[in-house]
Structures are given as structure tokens and as C-alpha cells.
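All values reported here derive from a predicted model rather than from experimental measurement.
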Amino acid sequence: MPRLAALSLFAVTAALAGSASAIAGEAAVVAAKFARASNGTYRFDVGVRHADDGWEHYADKWQVRGPDGEVYGERVLAHPHDTEQPFTRSQSGIVIPDGVDAVTIRAHDKQHGWGGKELTVDLAE
């Protein structure tokens, strides 16, 4: 391989390796289902997509929030999901006040915090 081609290949490989954490990006909520229990609490099944990259960079929780930003429920994710993408996890017993017609679900990752794609769920459905 000519020297110039080898250097170019090295530069591309180094650039890709250096941007691995950028590729992982922010955690995104990609799906959500809910069910209301007989006691009035809710269960949410939330799908999250994130290019988890080991224990230092993974999606570590999601939240159900009201229109005023109040957190009604949170699911802490205890480990990376490197080989399971997207993944779905559930949380039950979430109390949502009467009169709230929609909630927003957001996901968090250990490196970027909040900020990926959120999903608004209409509870009237």
C-alpha cells in the first residue's frame, strides 16, 4: 500500500474511533404504551434507543412528566443494553393527577443527560 493511502486510511480510522461517543448520541424515546390500573395508577412500557457503549455511556433512566414539568414516574435502568436496541422497560404505580390529558416521556444517558427525542402520550386514547 502506498504511504499516502496508508496515512489516509489511518486518519479515517482515527476520526471514526474518536467520534464513537458522538455516534452514541443522546437517548431517544421511540415508543410508549400505557395502561390504567383499577386503582387509578398507570403502567408505562417505554422503548428507548441509544447506542450504549458500556458502563460509562448508556441510557440509565426514563421519566414520565406532566405539562408543567413535574415528574410523575421514573424508571432507573441498572445496566447498559449494548446488544439490545431499541429496548423496552416498564414501570407501574405511576400516579397522574386528574385533569392531566397528556404526559411527556424523556430518556437520559450517563454522558449527555437529558436531551434526546421525547414522546408525548395522549392519555385520552
Side-chain angles (χ1 to χ4, degrees):
M1 179 182 304
R3 182 167 169 77
L4 182 58
L7 288 175
S8 296
L9 179 59
F10 174 77
V12 169
T13 303
L16 289 174
S19 66
S21 63
I23 291 170
E26 299 169 328
V29 178
V30 296
K33 294 182 188 177
F34 70 95
R36 188 167 186 194
S38 60
N39 67 1
T41 64
Y42 287 79
R43 171 192 166 109
F44 283 85
D45 304 317
V46 176
V48 175
R49 181 182 303 279
H50 181 263
D52 286 3
D53 189 21
W55 289 95
E56 298 300 316
H57 190 194
Y58 72 95
D60 61 345
K61 61 185 153 187
W62 55 258
Q63 290 181 336
V64 177
R65 300 178 57 189
D68 60 356
E70 182 178 349
V71 176
Y72 299 140
E74 180 175 274
R75 169 67 192 256
V76 174
L77 305 167
H79 60 86
H81 295 87
D82 294 11
T83 60
E84 181 188 0
Q85 291 295 322
F87 62 93
T88 301
R89 295 297 179 270
S90 303
Q91 182 68 37
S92 57
I94 297 174
V95 177
I96 297 175
D98 290 336
V100 174
D101 297 337
V103 294
T104 300
I105 303 173
R106 66 180 184 165
H108 181 276
D109 79 76
K110 293 183 82 60
Q111 199 168 88
H112 298 103
W114 306 106
K117 179 184 171 203
E118 298 179 350
L119 190 65
T120 300
V121 176
D122 183 356
L123 299 175
E125 294 180 350

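- Taking each heavy atom of A59 and H50 in turn, the nearest pair found is N-ND1, 3.7 Å.
- One distance of note links NZ of K33 with CZ of R43; it measures 10.0 Å at 0.5 Å rounding.
- Scanning for salt bridge (charged side-chain N to carboxylate O under 4.0 Å, His left out) contacts around R65 gives an empty result, with sequence neighbours left out.
- Rounded to the nearest 0.5 angstrom, Q91 CD and D45 CG are separated by 10.5 Å.
- Residue pairs meeting the salt bridge (charged side-chain N to carboxylate O under 4.0 Å, His left out) criterion with at least one partner in residues 89-113, sequence neighbours excluded, are E84-R89.
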Using a 3.5 Å cut-off and no angle test, enumerate the donor-acceptor pairs between side-chain atoms of residues 67-78 and protein atoms at least two apart in sequence or in another chain.
| residue | atom | partner | partner atom | Å |
| --- | --- | --- | --- | --- |
| D68 | OD1 | E70 | N | 3.0 |
| E74 | OE1 | Q63 | NE2 | 2.7 |
| R75 | NH1 | S90 | O | 2.5 |

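- By the salt bridge (charged side-chain N to carboxylate O under 4.0 Å, His left out) test, R36 is found to be paired with no residue, residues two or more places apart in sequence or in another chain being considered.
- Listed by chain and residue number, A102, T104 satisfy the side chain to side chain contact (heavy atoms under 4.5 Å, CB included) test with T120 (two or more places apart in sequence, or in another chain).
- When all heavy atoms of A32 and I105 are compared, the closest pair comes out as CB-CD1, 3.6 Å.
- By the criterion of side-chain heavy atoms lying less than 4.5 angstrom apart, applied directly or through intervening Ile, Leu, Val, Met, Phe, Trp or Tyr residues, V30 is not grouped with L119; the two fall into different hydrophobic clusters.
- Separating the CD1 atom in I94 from the CZ atom in F34 is a distance of 12.0 Å, to the nearest 0.5 Å.
- Here the side chains of V64 and Y42 are not in contact, with every heavy-atom distance at 4.5 Å or above.
- Listed by chain and residue number, N39, T41 satisfy the side chain to side chain contact (heavy atoms under 4.5 Å, CB included) test with A37 (two or more places apart in sequence, or in another chain).
- W114 is not connected to W62 by any chain of hydrophobic side-chain contacts under 4.5 Å among Ile, Leu, Val, Met, Phe, Trp and Tyr, and they are in different clusters.
- The shortest non-hydrogen separation linking A27 to V48 is CB-CG1, 4.3 Å.
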